[in-house]
Amino acid sequence: MPQSRKQKTIARSLEFSGVGIHGGAQVSIRFCPGKEGEGVYFRRVDLPGKPVIPATIEYVSDTSRSTNLALRDIRILTV
């Protein structure tokens with residue numbers, strides 16, 4: 001029987017910034033603790049409405065050289 005995997009989250013928010021790996025633009029990312037059962041998702045705070053893209057197979061748009069997520073015309077590259 002497979003063992004059940006317990007959910008875990010980080011204790012506090014963490015933020016990093018630097019140069020993007022492909023485009024060379026200045027980027028930043030913030031990791032926030034999640035609620036039980038919430039899963040992993042990405043929020044584009046740089047876009048109007050701050051759209052959210054869940055990190056699930058339904059939103060995978062490309063895996064050629066990296067895993068990319070998309071929701072309509074909104075993309076998250078190299079997740």
Side-chain angles (χ1 to χ4, degrees):
M1 261 188 164
Q3 289 183 317
S4 64
R5 294 172 27 181
K6 293 184 179 182
Q7 295 179 346
K8 296 182 180 183
T9 190
I10 56 177
R12 61 182 173 83
S13 296
L14 302 164
E15 196 165 337
F16 299 94
S17 62
V19 177
I21 191 168
H22 296 295
Q26 186 68 28
V27 296
S28 62
I29 188 168
R30 180 184 311 142
F31 296 93
C32 300
K35 298 174 186 164
E36 185 176 335
E38 191 171 53
V40 175
Y41 61 88
F42 294 85
R43 180 183 309 271
R44 288 287 306 264
V45 298
D46 60 322
L47 297 176
K50 300 180 181 177
V52 172
I53 302 178
T56 60
I57 191 69
E58 294 85 6
Y59 296 94
V60 173
S61 63
D62 185 30
T63 58
S64 300
R65 297 193 181 266
S66 62
T67 301
N68 302 320
L69 304 175
L71 174 64
R72 295 179 300 277
D73 62 340
I74 302 159
R75 300 184 315 155
I76 307 287
L77 305 178
T78 314
V79 299

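Reckoned from all heavy atoms, side chains included, excluding hydrogens, waters and symmetry mates.
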hydrophobic_cluster_shared for L47 and V79, side chain cutoff 4.5 Å:
yes
I need the I76 CD1 to S66 OG distance, nearest 0.5 Å.
12.0 Å
Set of residues satisfying side-chain hydrogen bond (donor to acceptor under 3.5 Å, both in side chains) with respect to T9, sequence neighbours excluded:
none
Do V27 and V19 have side-chain heavy atoms sitting under 4.5 Å apart?
no
Below 4.5 Å, heavy atoms only, C-beta onward: do E15 and S13 meet side chain to side chain?
no
Of the non-hydrogen atoms in P51 and P48, which two are nearest, and what is the gap between them?
CD-O, 3.6 Å
Closest approach of C32 and R30, non-hydrogen atoms and distance?
SG-CD, 3.6 Å
In the hydrophobic cluster built from side-chain contacts under 4.5 Å, what are the other members alongside F31?
I10, L14, F16, I29
Report whether Y59 and F42 are members of the same hydrophobic cluster (ILVMFWY, side-chain heavy atoms less than 4.5 Å apart, transitive linking).
yes
Any chance you could measure L71, atom CG, to L69, atom CG, to the nearest 0.5 Å?
10.0 Å
Can you tell me how far apart OG (S28) and CG (D46) are? Round to the nearest 0.5 Å.
8.5 Å
Could you tell me whether a side-chain N or O of R65 sits under 3.5 Å from a main-chain N or O of T78, the two making a donor and an acceptor?
no
